[in-house]
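All remarks here apply to the structure that follows.
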Amino acid sequence: MSFSTFSLKQDGAVLRVTLSNPPVNLMNLQMTEELFQLSGRLFVDQEIKVVIIDSADPDFFIAHFDVEDLVKSASDPSKASKYPDINALQSLALSWQALPQVTIAKVAGRCRGAGLEFILGLSMRFAREDTKFCAPEASGGFLACGGGTTRVALAAGPARALEFLLSARDFSGVEAERYGLINRSLPASELDAYVDDLAQRIANRSVEVVAMHRDVFKQAYSPMVEPLFAAFAAENEGLRKAMAGKEFAEGIEAILALKQERDYELDLPATIARFPRSQQ
Amino acid sequence: MSFSTFSLKQDGAVLRVTLSNPPVNLMNLQMTEELFQLSGRLFVDQEIKVVIIDSADPDFFIAHFDVEDLVKSASDPSKASKYPDINALQSLALSWQALPQVTIAKVAGRCRGAGLEFILGLSMRFAREDTKFCAPEASGGFLACGGGTTRVALAAGPARALEFLLSARDFSGVEAERYGLINRSLPASELDAYVDDLAQRIANRSVEVVAMHRDVFKQAYSPMVEPLFAAFAAENEGLRKAMAGKEFAEGIEAILALKQERDYELDLPATIARFPRSQQ
Amino acid sequence: MSFSTFSLKQDGAVLRVTLSNPPVNLMNLQMTEELFQLSGRLFVDQEIKVVIIDSADPDFFIAHFDVEDLVKSASDPSKASKYPDINALQSLALSWQALPQVTIAKVAGRCRGAGLEFILGLSMRFAREDTKFCAPEASGGFLACGGGTTRVALAAGPARALEFLLSARDFSGVEAERYGLINRSLPASELDAYVDDLAQRIANRSVEVVAMHRDVFKQAYSPMVEPLFAAFAAENEGLRKAMAGKEFAEGIEAILALKQERDYELDLPATIARFPRSQQ
């Protein structure tokens, strides 16, 4: 199995997935499909115990979902989710969340939109202090609807989640730790060693030991399962409303006009703030 | 509509509510009624998207509920809540919690008792690092029963909440952030700019976008609704027990004797600690 | 009633329990039984309002459960819990959790395994910044099954809990606070004064006031009771699986060979890392 949007490197029981989809590591349909394929392979892999996901581009972990592909797939019935209340990105994060392996995001650069939503479904998240986390969706007339609105709410609590999501600004790794979105932020010089040490420790545990911890967690958090799916359904309802409105269409049009180029993506919140808008 | 306990200033889609009820910004029956009236007006206001609540007195955001009015209303059947398990302050916070606007407390000085309970019902809370947050009720023989015991428990977790409530001491803004009671604390020189920038960002979102975020949050937190009301009922049960006891009556008498004067209010925990007490 | 594994000192309404079970403060069957007995006495004590638990050994709060006693009790049917889904250590923590008093752990030195599980059932936890908190179980082929896996998950959230439990490394007091496992960490010079001041404040509250706060918390957290017991059952299921495997037996054998001596216990994670292991 070969992948075009990331490279793999196995080191004993640890698999490193390095995202690489130049120029700005957009999560596009290709990357989505490949991440689904990889999760399918991991489900039946008996050797790999830990998966570390990082990026080959120091400036972009994942820029966000490719808006061109969003437009394409929205108009292509074959790309629609088979389940009306679970869309493809929600499903991708759920599929990774259900893996037997411990999955770890190691984040630097920009991690916005679908990138943030994806890593919130992984087991753990670590980031450089100067990472830029952002949910830009609200500033584009819709909401993080790959599970992100729900997962940010549950991780950060309602007050901090609402601030994070509605402000649509970049939050540093330090702020993301304070708001509970990641395990911890670390200085650039310490991040690799910290994650490597942790991965190695977990790789030393047997599959059974990891599984018995997960079983306890499942019971402890069982009251959150139904609300998670109900909230995912509300994300989809929000998206349907947004797609019927003018604000969303204008945002998509403006970002397509800029061709998602690197210069515009570096400070995406500022780029979006400059979009012309009709009166709301 | 004109108000005597706060002033209003509208700036585009942002409404600033500046509490002003000298000499120490007590939340009295007048302020309670006016905040209810304002929430009624906001429910049907299509223009205002963000409400910022601050205080005209740099030393007092809200001192606490006016004990003279508490005594008055306790003996006046017309001031009783129509619903035995929801009292007036719980209802006030619920009414603000249900507003379509994003409501933001910007806190400096003392924010104690009913003041803290009120802002815990708002969407978000920011404070100067040297703010003094306090729930003095336990030191007066009762409990925060305007929703505060419940909301502190849910925001801070049981261990930190019990420490905060039973210690009845002043917690700084920095401590309140560490314990999850507020979004964040900021240096005095940064608070205004931070809240203004956030308010402006949210004012740029459409009403629909704010509403779809709220809808997702409602689903994600739906398991907490019944416990919230059950816990409010337990607060009222606690208050009824307290009002039947000697400790509460002595605390009220002592604070009435001091006339809630500014000097005594500045360090209320120390003032209460000096009250004479019969053996418990 | 006299105890051999801790001393008691009553100071008004505050009881100090100082753990002392040389050489490394192992929690053994004797200490377990004595802590059960003390909780029985506290349940009917009308005078004591606050219990502070600390250690006479500055290097060890509690090392962990005595592995020799674990082996003994596992093979002695009379030591088995009467309830298949609640084991003795889970029951001990529940019994302390249910006390009418406010119970406070004041921690310095190593607090690992059963020691951590026990204090997670107390009302509050404070620690020196350089305390070493650790759940070593995963590195020994099993899981914290005295309620610890469940309580760490609920206190720290799933991502941080999984990191803490599977890494099986020492976490400092500062880290434990950041991950929500304790109320706060303090410099060595401030810990005693902080806890004493808090204990004195709570001792000034009436029993009724403490009880009414607890009643509200019970309602607010009522959705967590069933999952707590379901997760405890999952801990026991995990333990049963572990005891049937080779990894657990090897870990027990290795630690018994080292006789749980002080030198090996000081850096237990490093000691365990040196155990010879068959391929997993």
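Protein chains get the first letters and strands the later ones, always in sequence-line order, with residue 1 at the start of each.
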- Just give me the residue among B:R184, B:R125, B:M124 that pairs up with chain A most often, heavy atom to heavy atom, under 4.5 Å. B:R184
- Message: Between A:K241, A:E235, A:E137, A:R178, who has the most heavy-atom pairs with chain B when the cutoff is under 4.5 Å?
- Response: A:R178
- With a 4.5 angstrom heavy-atom cut-off, could you sort out which part of B:S123 is near chain A: side chain, backbone, both or neither? both
- Message: Using a 4.5 angstrom heavy-atom cutoff, name the option from B:V209, B:V216, B:V210, B:L198 with the most pairs to chain A.
- Response: B:V216
Could you pull out every donor-acceptor pair under 3.5 Å between side chains of residues 160-168 of chain B and any protein atom, sequence neighbours left out?
residue : atom : partner : partner atom : Å
B:R160  : NE   : C:N183  : O            : 3.0
B:R160  : NH2  : C:E177  : O            : 3.1
B:R160  : NH2  : C:I182  : O            : 3.0
B:R160  : NH2  : C:N183  : O            : 3.3
B:E163  : OE1  : B:Y179  : OH           : 2.6
B:E163  : OE1  : C:N183  : ND2          : 2.9
B:E163  : OE2  : B:Y179  : OH           : 3.4
B:E163  : OE2  : C:Y194  : OH           : 2.3
B:S167  : OG   : B:E163  : O            : 3.0
B:S167  : OG   : B:F164  : O            : 3.3
B:S167  : OG   : B:R169  : N            : 3.4

- Message: To the nearest 0.5 Å, what is the distance between OG on B:S206 and NZ on A:K246?
- Response: 11.5 Å
- Task: Specify the closest pair of heavy atoms between A:A138 and B:H213, including all atoms of both residues, with the distance to one decimal.
- Result: CB-CE1, 3.8 Å
- Message: Could you check whether atom CD of B:E226 has more than 12 heavy atoms from other residues, nucleotides or ligands sitting under 6.0 Å from it?
- Response: no
- Message: Heavy-atom cut-off 4.5 Å, strictly under: side chain, backbone, both or neither for A:L228 against chain B?
- Response: neither
- Which atom names give the shortest non-hydrogen contact between A:A230 and B:Q219, and what distance separates them? CB-OE1, 3.4 Å
- Might you point out which heavy atoms bring B:A220 and A:P227 nearest each other, and give the distance in Å? O-CB, 3.6 Å
- Minimum-distance pair of heavy atoms, taken over all atoms of B:F217 and A:P158: CE2-O, 3.4 Å
